[in-house]
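Below, chain A is the first sequence line, B the second, and so on; all start at residue 1. Owing to the predicted nature of the structure, the values given are computational and were not obtained by experimental measurement.
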Amino acid sequence: MLIIMSFILLFSLLSIGSASGKILFNSTIQQGDGYQINNYVIDVTEVFTSQDAVTLRIYKGESDNDDYVYDPFLSVDSSYEFDIEDEDVEITLIDVYSGVVPQVKLLITVSDDDFINSKTEGIVDGGHSEAVFSGTPVLKISKSVDKNTVGVGDIVRVTVTVENTGDDDAEDVIFSDPFQPKFILIDDILGTPGRMDIASDDPTKKVYLYDLKATEAGTFSLSPATASFSNSVGESFPQASSNSPTVLVEASKDLVTADLDVDLEFDSYTVNRKDEIEATVRIKNLGSASANAVNIGILIPEGLEYAGGDSVIEVISGEPTIYLDSFGAQQEKEINFKLKVMEIGTYTIKTESSYLFDDGVNTQKQEVSSDSVSNAIYVAEGEYDYLFEQPIYVYLIPLIIIGAVAGWIIHRHKQYKF
Amino acid sequence: MLNILIIGNGQCGNRILDAINRESFGKKSRFAKFYSQQKYKSNVQTIAINTAINDLKEMSFTKAKDRIHIPHLHGVGANRNVGKNVFEENKSHIMRQIQERGDFDVCFVLTSASGGTGSSFSPMLIKELKEKGDYPVYAVVVLPFREEGTLYLQNAAFCLRDIRESGVDGIILADNQFLKQMGGNVESAYNGINDMIARRLLFLLDALDSEMMMVTDLGDFKTVMSGGAGIATIGFYEADTGMPVKNAIREALSPSGLLFSTDVYKEASRSMVIIRGDRESLSIDEISEEVEKLSSSVGHVFKGIVVRKDEHPQVLAVLTLESASELENLYAIAVDAINYERQKKERVETQKDVDRAFSQIDGLDPSY
């Protein structure tokens, strides 16, 4: 019999251990106080010292006195089991104590305490009405623009609002709205919002209001505004992000550019060696803005020789260079120079152009560089080149004859000069 | 080959000499000297002598080494006395220059009778040549225009006499007065006269040294020149195409062909006729006929014929004169000129009009 009793006791202990795996509380609680496990408060409603029993009421969240979910009556050594967030919670009355304010000793065990928020766990003086419950604030941040399609240089007004759609206040909310590439902050109307609290029942709040100026054509997604926050019990939550509105920036009519077209032409493309070619550099500004510091380098290949030109051409380090301080919109100019053809061959001449212009949007001038290549010049044998291809005697004999004639004339002249 | 010396004295002599040298190139171009050679058959030496350096500089076809400048200002100013003194002072220099050229067979001295240097140098030069050399010397003397002035006329008169007395072997006269009738302005007339003289002399030199069908040589020329009064002239004519040679001979002997106005059939003493041309155009009968006609009046005529293919007949006649009425006329005028000059000089010396004018203020002082 004793053995059987021992097994029964062991079985019982094992059973208890399995039902309430971890001891959450094993102490005394005064009547009228409660013990909170997350959103649940176990109130010690009335202690019956004479009967070694107690009446408990289990409330969920903020509730009226009568709005409890469980109200177990426990005698000493009896237990009551319920579940919170799918975990088993077992309350065992260990003892009751009389006094001015009766007390009970409770043993509260849970199958797993991982779900328990330490900030909402423990004895609550005054019971459930005094308990502080934790919630989950949900910040809904909205970023919007007043125009989804603008031109370069146009202003876009950006509004960022926030709303707490959670069940708890968001506290210590810190917003961040990163710098927006391709846009310039023109006016920050509301300024940078400071640290703030957003209650769950607060109306939608405007946190950012600013104007951006589009500087470049394209389709851009604005960077999302973010907020870091915690709930009323100081729990930090993942950063909340806003949406990313898309803005289509079209090339605005107001954006001005300088567009230089540099063309190099010659009066003849088939020439003989030793001939001279008249070259014309035609510069045309097709854009709507003036070009400044226009620099056009004329890269003359070997076999051709620069033979002078208009005064705007300077030879710098052997390279003819055109420099124009300013070149107006739609302006056209022709600059002439001459090339002497020294060698037979086919030549193209490259021009390297660079200039600056003010696009009316950006504060800094835009720099443009471009290259162009002329049509080919075909250089054939010169009219008298064949003379240089003859054997030496072809030149020597006439020279000797001419020399002899000249010598004879000089001799005769001296003979007759008095 | 003959060694011939031709000396041009004074401006006129220089110009005739230069014309001879130009003609000898056979081209008319002024640049002929640069591309052509002188075509003398003989060894011809030419020397130009002048006191005026500008006259020497004007010469174009005479070599510089053949131009002798006698420094005396810019000429002798038509004063033969000055000229004679200058020659005397420079005689040795001039003669040395001539003798350096070697020995000669014959010499021609070209000069004007009326100028300064030529008229004064030539008689003395001829005298020196005759004394120092052993060859005949002939003077080609150009007589002045009659209206050129009294000084020139008296110079001509005395120069001719001095040349004749210098021992010269003959005087060939060329008369500007006669030749200018051919027309043209003074300059072209001078040039034309110079060219005429040059061409005749060249023809003569060529003939004397050429192989001939009928021979005349230097000996014949000497004989001709030694006849008469020692005064001669030259006639020349070049026939046109188809002209008979007899007509050419007549033209050469006519006044238009002569250098000095004379009637050859009356005044000539001896003659030498040289005819040159293509064989076809030289009719012996016609030549003989004309030569016989001349010889019947003159006495003896030396006849030479030079055959040159494709040449028109050209006739040169050298004629010595027994008398020269034109020369007498010249001297008559010259005597008047000499008298006029003398009287003028005497009048100046005796009347002293200017001195009398100045004498009126002798002993007076200007008062202000």
Requested in this report: Just jot down the side-chain hydrogen bond (donor to acceptor under 3.5 Å, both in side chains) partners of B:Arg200, sequence neighbours excluded, or say none.
Outcome: none
Requested in this report: Please identify each residue that fulfils side-chain hydrogen bond (donor to acceptor under 3.5 Å, both in side chains) with B:Glu131, with sequence neighbours left out.
Outcome: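 With sequence neighbours excluded, B:Glu131 shows a side-chain hydrogen bond (donor to acceptor under 3.5 Å, both in side chains) to no residue whatsoever.
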I'd like a table of all donor-acceptor pairs linking chain B to chain A (distance under 3.5 Å, no angle check), giving the atom names and the distance to one decimal.
| unit_1 | atom_1 | unit_2 | atom_2 | d |
| --- | --- | --- | --- | --- |
| B:Lys33 | O | A:Arg412 | NE | 2.9 |
| B:Phe34 | O | A:Trp408 | NE1 | 2.5 |
| B:Ser36 | O | A:Arg412 | NH2 | 3.3 |
| B:Gln37 | OE1 | A:Arg412 | NH2 | 3.4 |
| B:Ala64 | N | A:Gln415 | O | 2.6 |
| B:Arg67 | NH2 | A:Tyr416 | O | 2.7 |

Query - Residues that A:Leu396 engages under side-chain contact (heavy atoms from CB on, under 4.5 Å), provided they are two or more places apart - result: A:Ile400
Requested in this report: Give the minimum heavy-atom separation between A:Ile409 and B:Phe34, together with the two atoms involved.
Outcome: O-CE2, 3.6 Å
